[in-house]
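Below: one structure, written as structure tokens.
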Amino acid sequence: FTVIQTGVIAAVAVAFGRFTAVFFPELGTKLFTIPEFDITVLSMNAVDVTYENVLGVATVLLLTFLNSRGLRYGKIVLNIFTGSKLVALFLLIIVGIIVGIKSGYFGLNFEQPWLAHSAKQVSGLLVGIKTGYVGMDMAEASVNRTELAGFALVIVLSTTIINSLFSSDAWNNVTFIAGEIRNPEKNLPRSLFLGTFIVTIFYVLANVAYLALLPLKGVPVAESVAYTKHGIINAGMQFAQSDRVGASAAYMIFGDPAKYIMAALIMVSTFGCNNGIIMAGSRLFYSMAKEKLFFSRAAKLNEHAVPARAMWLQSGWACVLAMSGSYKLLIKFATFGSMVFYIVTIAGLFVLRKRLPHHPRPYKAFGYPFVPILYLIFATLICVSLTVFTPQDTGFSIVLILLGIPVYYLFLKDKNA
């Protein structure tokens, strides 16, 4: 409640506001700044809160209201936005790969596929060339590159993969509405597999399109040429403007309208995504409340047979998070929290297999015990790396997770007894 479900809702809502600002730049106006602070191991850089955050909060409240009016409204929104998102992504990927094949960048990007390095801009040095690709000589002059190998490579992979893992988070939300699914023994595993499979395929193909459309290596470019074809090529993926590689790739297909096309696509995607998360999460907290594992007020349905109280509690805390963080911060905040509990849950699989060897199991864990063991190893490595090397991104997530302990003992333990 404090980190995962609400954190994802907040991150997606802020993303909606951020890309709406492409059409309405005034949304980027700063309201106030949360100052930076450093308390022992808990630290955070200053965060500017803008009207983008406010718009994100507004979408959370709107979707909560629609879903509180009954399952029919939430289902309509989900079908429309999810369907249009998948069609648009499919077309973007196909066109991107077709156009990108002619560029020659795909082969260039795979000349040294296993050579990894970090790239940092030389202070104050920007490329302002408006025509032509600057080439590697200019790149080496304006960028400090450090080859990565061994443990350094493991650290970098661990601390950056969190962004791509976010794209697959909420994969398990379908289990929260198991009580409203026909034939859940068959349809739940099928939904989990197909949902994760489709997201993975789209994510991989999108990156194939990026690799076909853009050079991997690049140099920092001046703002004046950032959104020209040659400016985007010179920047490459490494220095894509505002870290928006997708927007840069779309520019290679559509030209100047690209940033608006991508912004509209992401707005559709995030709006539909949050609708599903808000719908599913409320069922989880409703079920927990019925089993006296959450606040009792959440264990009631409204006149539309919807757990509205649980839904508004969830959205209330999500709005607080959305007003207190940036998109990048919220992604790491929520995904780190998810991975911690995935580790605990999957470790519990081994415990239950031992304690309850003859308990009915309609679904068998694929590849048990090897696949779960591999997940535990890699997920633990990622979480430890994030905690040790980017404590400013994980500190608050850990604090809010630990906050669940006193909340349980203060508000829930006596009721359970």
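Fair warning: this is a prediction, and the values are worked out from it, not measured in the lab.
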Problem set entry | Residue pair S168, Y203: steps toward the side chain to side chain contact (heavy atoms under 4.5 Å, CB included) verdict | CA-CA 9 Å; S168 298; Y203 196 91; over 6 Å; no
For this session: Dump the intermediate steps for side chain to side chain contact (heavy atoms under 4.5 Å, CB included) on I161 and L157, then the final yes or no.
Result: CA-CA 6 Å; I161 200 172; L157 287 173; 5.7 Å; no
Problem set entry | S315 vs I278, side chain to side chain contact (heavy atoms under 4.5 Å, CB included): CA-CA, chis, key distance, verdict | CA-CA 7 Å; S315 296; I278 289 169; 4.3 Å; yes
For this session: For L381 and I377, run side chain to side chain contact (heavy atoms under 4.5 Å, CB included): C-alpha distance rounded to whole Å, both residues' side-chain angles, the deciding distance at 0.1 Å, then the answer.
Result: CA-CA 6 Å; L381 181 62; I377 292 171; 5.6 Å; no
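Heavy-atom contacts from other residues, nucleotides or ligands closer than 6.0 Å to CZ of R297 number 12 or fewer. The environment of OH in Y368 is crowded: more than 12 heavy-atom neighbours from other residues, nucleotides or ligands sit within 6.0 Å. Crowding of F32 atom CZ: a count of heavy atoms from other residues, nucleotides or ligands under 6.0 Å exceeding 12.
Residue N67 comes nearest to V306 through the heavy atom pair O-CG1, 3.5 Å, listed as atom of the first residue, atom of the second, then distance. Of all heavy-atom pairs spanning N172 and L192, the tightest one is CA-CD2, 3.9 Å. Closest approach of L188 to T175, counting heavy atoms only: CD2-CA, 3.8 Å. Looking at every heavy atom in both residues, N302 comes nearest to A308 through ND2-CB, 3.4 Å. Closest heavy-atom contact between Q5 and F285: CB-CZ, 4.1 Å. A pairwise comparison of heavy atoms in L153 and A116 identifies CD1-CB, 3.6 Å as the closest pair.
In this structure, T64 contributes its side chain and W312 its backbone to no donor-acceptor pair below 3.5 Å. Using a distance-only test at 3.5 Å, with no hydrogens or angles considered, a donor-acceptor pair links the side chain of S324 to the main chain of L321. Side-chain atoms of D169 never come within 3.5 Å of backbone atoms of T335 as a donor-acceptor pair (strictly under, hydrogens ignored). Side-chain atoms of N187 come within 3.5 Å of backbone N or O of R182 as a donor-acceptor pair. The main-chain N or O of L214 is found under 3.5 Å from a side-chain atom of N109 such that the two form a donor-acceptor pair. Side chain of R69 to main chain of F65: no donor-acceptor pair is present (N/O by atom type, distance under 3.5 Å, no hydrogens or angles). Between the side chain of S282 and the main chain of M279, a donor-acceptor pair closer than 3.5 Å is present. Proximity of a side-chain donor or acceptor of T50 to a complementary backbone N or O of K30 within less than 3.5 Å is not detected. In this structure a side-chain-to-backbone donor-acceptor pair under 3.5 Å is present from S103 to A212. Judged purely by atom type and a 3.5 angstrom limit, Q238 uses its side chain to pair as donor or acceptor with the backbone of G218.
Contact annotation: the side chain of M323 approaches that of V54 to within less than 4.5 Å [non-hydrogen atoms, C-beta and beyond]. With contacts defined as side-chain heavy-atom distances shorter than 4.5 Å, the pair L205/Y210 does not qualify. A heavy-atom distance below 4.5 Å is found between the side chains of F350 and I373. Side chains of M252 and V99 form no contact here, defined as non-hydrogen atoms less than 4.5 Å apart. A 4.5 Å side-chain heavy-atom check between V22 and M262 finds every atom pair outside the cut-off. Side-chain atoms of F166 and V8, non-hydrogen and from C-beta on, do get closer than 4.5 Å to each other. A heavy-atom distance below 4.5 Å is not found between the side chains of F106 and I97. When side chains are defined from C-beta on, N234 does not count as touching F239, because their heavy atoms never get closer than 4.5 Å.
With rounding to the nearest 0.5 angstrom, the CG atom of N275 is 11.5 Å from the OG1 atom of T270. The CG atom of L31 lies 8.0 Å from the CG atom of N53; values are rounded to the nearest 0.5 Å. To the nearest 0.5 Å, atom CG of residue L313 and atom CZ of residue F295 are 8.0 Å apart. Atoms NZ and CZ, on K259 and F23 in that order, are 10.0 Å from each other to the nearest 0.5 Å. One finds the OG atom of S338 at 11.0 Å from the CD1 atom of I343 (value rounded to the nearest 0.5 Å). For the atom pair L386 CG and K332 NZ, the distance stands at 7.5 Å (nearest 0.5 Å).
Using the six-membered ring where Trp is involved, Y342 and Y375 have ring planes that are perpendicular, over 60° apart on the 30 and 60° scheme. Relative orientation of the F197 and F193 rings is parallel, given thresholds of 30° and 60° on the angle between their planes. Between F271 and F16, the ring-plane angle classifies as tilted under the 30° and 60° cut-offs.
Taking the six-membered ring for Trp and the full ring otherwise, the centers of Y260 and F254 sit at least 6.0 Å from each other.
Of the candidates V399, I401, L400, I401 is the only one forming a side-chain contact (heavy atoms from CB on, under 4.5 Å) with S397.
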